[in-house]
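The structure appears right after this line, and notes come after that.
Each ligand, and each atom within it, is numbered from 1 in the order the structure gives. Computed over heavy atoms, backbone and side chain alike; hydrogens, waters and symmetry mates excluded.
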Amino acid sequence: MSNRLFSAIVPAAGIGSRMGQSIPKQYLSLGDQCILAHTLDALLAHPAITQIVVALNPQDADFATLPQSHDPRVVTTTGGAERADSVLAGLQLVSQDWVLVHDAARPCLTRHDLDKLMTHAQQNEQGAILATPVRDTMKRANEQQQILHTEERQHLWHALTPQLFPRQALLQALQEAQGPITDEASAMEQTGYPVKLIQGCASNIKVTQAEDLALAEFYLRQQHRITE
Ligand SMILES: Nc1ccn([C@@H]2O[C@H](COP(=O)(O)OP(=O)(O)OP(=O)(O)O)[C@@H](O)[C@H]2O)c(=O)n1
Ligand SMILES: C[C@](O)(CO)[C@H](O)COP(=O)(O)O
């Protein structure tokens, strides 16, 4: 178990358009509380996380109603147009030298996976991300969804979060990144930083589409994090 202390950034400024609901998906309920509350509980439960910076949508009027928002370790900032902009905004407030970035939309993160990621950083002084190996045969298609070819899937992984890096290196990488950046590792890769994949649970899903809600609730019940 790591004895290093960490800050966390939770990008929570999205609108969840792929979910097709009337409210941002991070405020949809799973059991007795919303997705974002479950996500914050997973981070607040870890003693090595001393600060959580939540990047909120400028229109957000719900966060202050969450009990977790009153925890002294939780601070907020205003997110940006893209997820990477929200993470950059969060980095301005980060106090620790190492920071993990975890999607608000991933409420099923386990303590075991969080410890694995932190331990790797502590023992190797190296940034890393949680990931799961691809299980299905992967196809590359054209605009008309005609298969072009089958991708070699050995060594192909799904990138998850948290993604954990030295604060200064991540700040510089995001500031200098070229092209669309959908995760922190993409920016770090552009600088040549060696990013390690740490295998995590496939249950650490990102709630993205409507059918993901029931699956996330199932996983939280399996973890006894929904009891009613
Ligand atoms: N400008 C943005 C866009 C996204 N996010 C956050 O980044 C995480 C992952 O993004 P995604 O799953 O794409 O969420 P949304 O952008 O809300 O979803 P959609 O793309 O369907 O609108 C989410 O917790 C989301 O709130 C953010 O902080 N700032
Ligand atoms: C960061 C991430 O969750 C890793 O898989 C993913 O890149 C977020 O992408 P999105 O387009 O913002 O959902």
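- Atom 20 (O) of ligand 1 has as its closest protein heavy atom Arg18 NH2, 3.0 Å.
- Checking only distances, Ser17 does come within under 3.5 Å of ligand 1, N or O to N or O.
- To the nearest 0.5 Å, the span separating CG on Leu148 from CG on Asn142 amounts to 5.0 Å.
- Comment: Glu125 engages Arg4 in a salt bridge, judged by a side-chain N to carboxylate O separation of less than 4.0 angstrom.
- With rounding to the nearest 0.5 angstrom, the CG atom of Leu197 is 6.0 Å from the CH2 atom of Trp157.
- Residues Pro11 and Val101 form a side-chain contact, since some pair of their non-hydrogen atoms from C-beta on lies under 4.5 Å apart.
- When only non-hydrogen protein atoms are considered, atom 12 (O) of ligand 1 lies nearest to Lys25 NZ, 2.7 Å.
- Contact analysis puts Ala12 in contact with ligand 1, with a non-hydrogen atom separation below 4.0 angstrom.
- The proximity of Arg106 to ligand 2, defined as any non-hydrogen pair under 4.0 Å, is limited to the side chain.
- Residue-ligand proximity, Gly80 to ligand 1, at heavy-atom distances under 4.0 Å covers atoms 1 (N), 2 (C).
- When non-hydrogen atoms are compared, ligand 1 lies under 4.0 Å from neither the backbone nor the side chain of Pro24.
- Shortest contact from atom 10 (O) of ligand 1 to any protein heavy atom: Arg83 CD, 4.3 Å.
- Side chains of Asn204 and Tyr219: no donor on one and acceptor on the other come within 3.5 Å.
- For ligand 1, the atoms closer than 4.0 angstrom to any heavy atom of Ala105 are 24 (O).
- Listed for the Gln190 side chain is a donor-acceptor partner under 3.5 Å among the backbone atoms of Gln178.
- Taking CG of Leu117 as the reference point, atom NE2 of His112 lies at 11.5 Å (rounded to 0.5 Å).
- Residue-to-ligand polar distances keep Leu160 apart from ligand 2: every N/O pair is separated by 3.5 Å or more.
- For the residue pair His120 / Gln122, no side-chain donor-acceptor distance below 3.5 Å is found, with atom types taken as modelled.
- Between Asp103 and Arg83 there is a salt bridge, since a side-chain N of the basic residue sits under 4.0 Å from a carboxylate O of the acidic one.
- Among protein heavy atoms, atom 17 (O) of ligand 1 sits closest to Gly16 N, 2.7 Å.
- With a heavy-atom cut-off of 4.0 Å, Thr182 touches ligand 2 through backbone and side chain alike.
- Of all the atoms in ligand 1, the ones that sit under 4.0 Å from a non-hydrogen atom of Ala81 are 1 (N).
- Here the protein heavy atom with the shortest distance to atom 28 (O) of ligand 1 is Ala13 N, 2.9 Å.
- To the nearest 0.5 Å, the span separating OG1 on Thr137 from CD on Glu152 amounts to 10.5 Å.
- Nearest heavy-atom pair, Ala202 versus Arg135, reported as atom, atom and distance to 0.1 Å: CB-NH2, 3.4 Å.
- In terms of polar-atom proximity, Lys206 is counted as a contact of ligand 2, with an N or O under 3.5 Å from an N or O of the ligand.
- The protein heavy-atom contact nearest to atom 2 (C) of ligand 2 is Asp103 OD2, 3.7 Å.
- Each of the atoms 1 (N), 2 (C), 27 (C), 28 (O), 29 (N) of ligand 1 lies under 4.0 Å from some heavy atom of Ser86.
- Of the N or O atoms in Pro11, one or more lie within a sub-3.5 Å distance of an N or O in ligand 1.
- Residue contacts with ligand 2, taken as heavy atom pairs separated by less than 4.0 Å, do not involve Thr208 at all.
- Here the heavy atom of the protein found nearest to atom 4 (C) of ligand 2 is Ala159 O, 3.3 Å.
- From Phe165, atom CZ reaches atom CD of Gln126 across 9.0 Å, with rounding to the nearest 0.5 Å.
- Checked by atom type, the side-chain pair Gln92/Thr77 shows no donor-acceptor distance below 3.5 Å.
- Closest to atom 12 (O) of ligand 2, if we only count protein heavy atoms, is Arg83 CD, 3.8 Å.
- Distance from atom 8 (C) of ligand 1 to its nearest protein heavy atom, with residue and atom name: Asp103 OD1, 3.6 Å.
- Atom numbering of ligand 1 starts at 1 in the shown order; those under 4.0 Å from a heavy atom of Ile15 are 17 (O).
- Between Thr161 and His102, the side chains place a donor N or O and an acceptor N or O closer than 3.5 Å (distance only, hydrogens not considered).
- Proximity of Lys206 to ligand 1, defined as any heavy-atom pair under 4.0 Å, is confined to the side chain (atoms from C-beta onward).
- In this structure, CG in Leu109 is found 6.5 Å from CG in Leu130, a value given to the nearest 0.5 Å.
- Among all non-hydrogen protein atoms, the one lying nearest atom 16 (O) of ligand 1 is Gly14 CA, 4.1 Å.
- In this structure, a donor-acceptor pair under 3.5 Å is absent between the side chains of Gln168 and Gln172.
- Taking every heavy atom of Arg18 and a limit of under 4.0 angstrom, the matching atoms of ligand 2 come to 10 (P), 11 (O), 13 (O).
- By the criterion of a heavy-atom distance under 4.0 Å, the backbone of Glu82, and not its side chain, is placed next to ligand 1.
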